[in-house]
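This is a predicted model, so every value here is computed, not measured.
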Amino acid sequence: MTRDPALIPGPTAAQWELFSKFALAGSVFTVAIGIIAVALGVPSTISFAIGVLIVVVAFFVVWLGLSQRGLATLRAEQRAGYSTVLDVAGYALRHPLTGALERAADEPPADSDPQRRSLVAGMFRVRPGSPLDKRLED
């Protein structure tokens, strides 16, 4: 796998995002292990609870750091005229690992919708004819 020289050096924003997701998953996994251990009868002492809390906070801090690094890389990619995370108009879309051009900057994004809705509204399926659907039409 060869990396496109047009990419800025270092991990891409998509890779930083993946690393941060693993750190957040580690935090959630540690909480789950702690709950399972208490449910199975491991003596719940204060030192056990503090140990689990320290590991959770450590994963959370790593997640915050990796997320910040990913945002900085995303901004650097934006200044370079491309993105490995977001498919938006005006920026070239590149593969997260290889940097291969997937969509040129002058082409419209794959899901270009002239009637763009907010991110939160896009997460929900709105039934046609519902009060929310009528309100969104206005």
Side-chain angles (χ1 to χ4, degrees):
M1 173 173 69
T2 59
R3 185 176 164 98
D4 190 333
L7 292 178
I8 57 174
T12 65
Q15 289 171 324
W16 284 114
E17 183 180 327
L18 180 65
F19 300 154
S20 68
K21 286 179 183 178
F22 279 132
L24 188 60
S27 180
V28 171
F29 183 71
T30 303
V31 169
I33 292 297
I35 291 171
I36 290 170
V38 169
L40 291 178
V42 172
S44 56
T45 60
I46 192 70
S47 61
F48 175 76
I50 290 173
V52 169
L53 183 63
I54 287 172
V55 173
V56 167
V57 168
F59 271 121
F60 190 74
V61 168
V62 169
W63 170 72
L64 285 174
L66 292 173
S67 296
Q68 290 300 314
R69 184 66 181 138
L71 285 174
T73 306
L74 184 64
R75 288 185 194 109
E77 288 179 354
Q78 178 186 9
R79 286 189 300 274
Y82 72 93
S83 178
T84 58
V85 178
L86 304 171
D87 188 12
V88 293
Y91 294 95
L93 179 65
R94 294 192 168 268
H95 189 272
L97 297 176
T98 64
L101 186 65
E102 293 184 354
R103 184 188 55 77
D106 56 353
E107 295 176 13
D111 60 347
S112 61
D113 185 12
Q115 194 176 34
R116 193 166 187 171
R117 299 187 336 188
S118 72
L119 178 64
V120 175
M123 291 181 188
F124 297 102
R125 178 172 288 157
V126 179
R127 285 183 284 145
S130 68
L132 182 58
D133 182 45
K134 292 176 184 173
R135 185 166 182 207
L136 287 173
E137 288 176 2
D138 296 336

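Taking Glu77 as the reference, nothing meets the salt bridge (charged side-chain N to carboxylate O under 4.0 Å, His left out) condition, with sequence neighbours excluded. Applying the side-chain contact (heavy atoms from CB on, under 4.5 Å) rule to Val61 yields the partners Val57; only residues at least two apart in sequence or on another chain are considered. A search for side-chain hydrogen bond (donor to acceptor under 3.5 Å, both in side chains) contacts involving Gln78 returns Tyr91, not counting sequence neighbours. By the side-chain contact (heavy atoms from CB on, under 4.5 Å) test, Leu86 pairs with Leu74, Ser83, Val88, sequence neighbours left out. Remark: Arg69 pairs with no residue by the salt bridge (charged side-chain N to carboxylate O under 4.0 Å, His left out) rule, at least two apart or across chains. Partners of Val28 according to the side-chain contact (heavy atoms from CB on, under 4.5 Å) rule, which considers only residues two or more places apart in sequence or in another chain, do not exist here. Ala76 pairs by the side-chain contact (heavy atoms from CB on, under 4.5 Å) definition with Ile8, Arg79, not counting sequence neighbours. Under the ring-ring contact (aromatic ring centres under 6.0 Å, His included) criterion, Phe19 pairs with Trp16, sequence neighbours left out.
The OG1 atom of Thr73 lies 10.5 Å from the CG atom of Leu66; values are rounded to the nearest 0.5 Å. One distance of note links CD1 of Ile33 with CG of Leu40; it measures 9.5 Å at 0.5 Å rounding. With values rounded to the nearest 0.5 angstrom, Glu102 atom CD is found 5.0 Å from Leu93 atom CG.
Around the CZ atom of Phe22, the shell of radius 6.0 Å holds no more than 12 heavy atoms that belong to other residues, nucleotides or ligands.
Its side chain within the 4.5 Å cluster rule, Leu24 clusters with Phe60, Trp63, Leu64 among the Ile, Leu, Val, Met, Phe, Trp and Tyr residues. Applying the 4.5 Å side-chain rule to ILVMFWY residues, one finds Phe59 in the same cluster as Val55. Grouping Ile, Leu, Val, Met, Phe, Trp and Tyr by side-chain contacts under 4.5 Å, direct or through others, puts Ile46 with Ile50, Ile54.
Residue pairs meeting the side chain to side chain donor-acceptor pair (under 3.5 Å) criterion with at least one member in residues 18-32, sequence neighbours excluded: Glu17-Lys21.
The two residues Thr84 and Ala13 make their nearest non-hydrogen contact at OG1-N, 3.5 Å. Minimum interatomic distance between Gly34 and Val52 (heavy atoms only, all atoms of both residues): CA-CG2, 4.4 Å. Shown here for Ala92 and Leu101, the closest heavy-atom pair between the two residues is CB-CD1, 3.7 Å.
For the pair Gln68 (side chain) and Gly65 (backbone), a donor-acceptor distance under 3.5 Å is absent.
Under the 4.5 Å side-chain heavy-atom criterion for Ile, Leu, Val, Met, Phe, Trp and Tyr, Val56 and Ile35 are members of the same hydrophobic cluster.
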